[in-house]
Amino acid sequence: MIVVPNSSSIFSVIKSSKTLLRFTPMTTSPHNTSTPVVEYELITNTSKLSDALLPLQKARVIAIDTETTGLDPRSDRIRLIQLAIPKHPVVIIDLAAISIDELSPLKQVLTNNAIKVFQNGKFDWQMLGMLGLRPTGSFFDVMLASQVLRSGLKKEHDLKSLALEFLGIELDKSLQSSNFTGKLSNSQLEYAALDAFVLLKLRMQLISRLRSASLLETAELEFAAMPAVAQMELNGMLLDAEQWHLVGEELNQKKQTALVELVEAGLKPTPSAQLSLFPEFTETINPRSSTQVLSALHALNIPIKLTSKSELIPLARQYPIIQLLLNYRKLASLYSNFAEALPKHIHPITGRIHPSYRQCGARSGRFSCKQPNLQNVPRNCTAKGMRNCFIAAPGYQIVKADYSQIELRIVAEISGDTRMLDAYTKGEDLHTLTASLITGKSLEEVTSEDRRIAKSVNFGLIYGMGAAKLQAYAEEKYDVLLTLEEAKEFRKRFFQAYSGVKRWHDRIRRTVYAKDIKQIRTIGGRRRRWAKKPRLSELLNHPVQGTSADMLKVAIARLFELLPKTGAKLIGVVHDEILLECPQISLKRTSRILKRVMVEAGELYLQQVPVEVELTISSSWG
DNA sequence: GGATCTAGCGCC
DNA sequence: AAACGGCGCTAAATCC
């Protein structure tokens with residue numbers, strides 16, 4: 001077995017005895033798979049670095065992969081950097097053997113004009129950036145490319161799956177999580193080299209497929225947004241832990257009170273064979289257990305089949321205990337999901353929360369966010385407000401900008417509904433207009449209650465919601481009580497008033513849904529596909545939600561170029577909202593840039609509807 | 001006992 | 001005739 005030399009006195013370039021494998025990429029699903037072995041050069045000596053990188057300086061395309069000691073860019077380190085160009089051994093640089101300040105030849109390669117190919121480049125970009133080796137130029141990310149290409153069909157976009165599906169290459173990923181801190185085995189190096197090598201082949205395959213599917217532009221948009229997303233994660237958000245603790249206390253108190261009320265109202269466990277073995281347990285009930293709650297409510301002669309919110313809400317007025325139950329469940333969920341959970345994510349090194357954003361996390365092209373999900377932090381659930389606990393660092397302010405009613409504007413654009421277009425062109429409020437149209441009142445007579453009803457109608461009906469759901473939705477989300485008859489009537493009047501929206505629904509039903517077509521695109525061409533027949537509502541939704549995602553991505557990609565000169569940092573995105581942390585002195589300039597960039601990004605997609613952005617500056621989010 | 005599924009909560 | 005879409009997290013329930 002070949003042991004990697006750690007000493008620079010040893011001849012440091014090892015050539016694999018195996019030959020560089022040449023093969024033709026498969027254009028159809030491969031039946032025969034192989035595990036090629038690629039030639040590599042291992043660089044463990046500063047003096048060899050320049051020579052080894054010489055061929056890469058002129059390359060048009062470089063595939064880059066890294067092996068690290070872990071997954072956290074703030075605490076883990078890169079051990080190996082693998083660089084692959086066509087018809088040349090993969091260059092593997094052992095950073096354990098080369099000092100950081102000797103890496104300028106590498107930095108030159110990482111910042112040249114070549115296209116840099118990555119798998120999940122966000123991670124490598126972050127790791128390299130932490131070493132002062134931030135890659136620049138244009139990027140190609142095979143994971144993002146695969147997600148764009150197969151959105152809606154596949155969920156697995158790891159390198160192993162891609163290599164197998166597009167190239168028929170079997171990658172042994174058992175070594176991925178092996179120990180990259182000590183001496184490296186030959187098989188570890190072969191694994192590392194192969195990973196970089198297949199990126200070049202994957203890119204060729206993916207380009208051709210993206211082009212055939214007219215998805216190159218969408219993929220390029222993802223690649224352009226990638227560094228912004230990577231930097232956004234590194235920036236993270238600052239949570240005021242003391243303030244947060246107070247919010248938690250408030251919630252906990254309310255939760256305890258709610259539980260007492262619930263028990264006093266008569267919610268108690270039902271005797272069951274199992275529980276009776278433990279008499280002390282029969283004294284309490286867990287209101288978060290749907291099975292316990294179901295039998296407890298049955299014991300009180302409340303006729304329900306499920307304990308779901310939609311089932312319970314209609315009964316809440318008749319049975320006060322139901323309202324108390326809903327109240328408790330809400331508080332308990334807020335407490336465990338947010339109050340308790342978020343502080344666990346404060347990073348020990350930075351003191352900030354660094355969530356993980358997936359830029360193709362949703363099939364529509366929207367972002368998803370996890371560990372923790374900061375896209376669902378409650379808005380108004382406590383006196384103080386949870387979002388207010390996310391604060392700007394000293395000397396900074398939080399600049400928040402969101403697209404105003406962007407989904408409705410996109411519906412107006414796509415449907416061409418003249419009344420909607422007219423209203424937005426005149427700068428009118430669409431919810432008030434809808435209120436006027438469904439109640440028959442004049443715009444001046446519309447009350448705020450009418451407007452609230454109209455809001456639920458607007459958001460509910462654009463994707464074809466039925467009357468029954470509209471009724472439930474209006475009560476649950478907007479605290480609006482409608483009879484089923486009223487819901488039916490409002491639905492009818494909505495589509496009479498916005499006949500263009502009706503025609504849009506009919507058109508999609510006729511030309512896509514009825515023809516069993518299993519794909520649809522956004523204005524910018526982003527495609528979503530379905531394995532089985534999509535629902536009409538899904539077909540209506542994707543072009544709207546996806547277009548909104550497209551414009552957000554254009555905006556953050558542009559901001560990544562423009563923000564450094566203001567010192568502002570991108571710290572979050574929430575679908576139609578962008579959050580920056582901005583030095584006091586550049587607030588005006590940054591706000592101007594942010595608003596302009598967002599409006600221009602929106603105008604790339606909306607030709608007939610004005611784009612409006614609402615911007616606020618505050619010491620906190622919220 | 002751990003992995004996975006479901007219900008129910010939050011957001012846009 | 002009827003149909004809103006897109007996510008992630010926690011606790012309870014269930015599977016293996």
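So that the names make sense, note that chain A is the first sequence line, chain B the second, and so on, each numbered from 1.
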[X] (side chain) and [N] (base): donor-acceptor pair under 3.5 Å:
X	N	result
A:Asn376	B:dG10	yes
A:Glu538	C:dG5	no
A:Arg363	C:dG6	no

How would you label the contact of [X] with the nucleic acid (heavy atoms, under 4.0 Å): base, sugar-phosphate, or nothing?
X	answer
A:Val377	sugar-phosphate
A:Asn286	sugar-phosphate
A:Leu334	sugar-phosphate
A:Thr307	sugar-phosphate
A:Gly464	base
A:Arg366	base
A:Glu577	nothing

Taking only N and O in the side chain of [X], is any of them less than 4.0 Å away from OP1 or OP2 of [N]?
X	N	answer
A:Arg528	C:dG6	yes
A:Arg358	C:dG8	yes
A:Arg535	C:dG5	yes
A:Ser290	C:dA12	no
A:Arg288	C:dA12	no
A:Thr291	C:dA13	yes
A:Lys370	C:dC7	no

Sticking with atom [atom1], work out how far [N] lies from [M], rounded to a whole angstrom.
N	M	atom1	result
C:dA11	B:dA3	C1'	15 Å
C:dA3	B:dC11	C1'	23 Å
C:dG8	B:dC5	P	15 Å

On DNA chain C, more 5' by nearest nucleotide between A:Tyr463 and A:His345 is A:Tyr463
Of C:dT10, B:dC9, C:dG6, the nucleotide closest to the side chain of A:Leu326 is B:dC9
Quick note, A:Ser368 side chain, CB onward, closest among B:dC11, C:dC7, C:dG6 is C:dC7
Evaluate A:Thr432 against A:Asp429 for side-chain hydrogen bond (donor to acceptor under 3.5 Å, both in side chains), listing each step before the verdict. CA-CA 5 Å; A:Thr432 306; A:Asp429 177 72; 2.5 Å; yes
Specify the separation, in whole Å, of atom [atom1] of [X] and atom [atom2] of [N].
X	N	atom1	atom2	answer
A:Gln371	C:dC9	CD	P	6 Å
A:Gln359	C:dG6	CD	C1'	17 Å
A:Asp576	C:dG6	CG	P	17 Å
A:Asn337	B:dC9	CG	P	11 Å
A:Phe495	C:dA3	CZ	C1'	11 Å
A:Lys330	B:dC11	NZ	C1'	12 Å
A:Phe367	C:dG8	CZ	P	13 Å
A:Glu340	C:dA11	CD	P	7 Å

Can you check whether [Y]'s main-chain N or O pairs, donor with acceptor, with [X]'s side chain at less than 3.5 Å?
X	Y	result
A:Asn235	A:Leu570	yes
A:Lys344	A:Pro372	no
A:Ser161	A:His157	no
A:Arg493	A:Ile438	yes
A:Thr547	A:Val544	no

Are A:His505 and A:Tyr513 near enough that their ring centres are under 6.0 Å apart? no
Is the A:Phe490 to A:Phe494 ring centre distance short of 6.0 Å?
no
Considering only nitrogen or oxygen atoms on both sides, find all protein atoms under 3.5 Å from nucleotides 1-5 of chain B and state each distance.
none

The residue among A:His347, A:His345, A:Glu581 that forms side chain to side chain donor-acceptor pair (under 3.5 Å) with A:Arg352 is A:Glu581
Worksheet item: Mind checking whether A:Tyr478 and A:Phe459 have parallel, tilted or perpendicular rings, split at 30° and 60°?
Response: parallel
Note: contacts of residues 504-525 of chain A with DNA chain C (heavy atom, under 4.0 Å) are A:Arg509
Using 4.0 Å as the upper bound for N to carboxylate O, is an ion pair formed by A:Glu250 and A:Lys254? yes
Quiz item: Is any side-chain N of the basic residue among A:Arg526 and A:Glu222 closer than 4.0 Å to the acidic one's carboxylate O?
Solution: yes
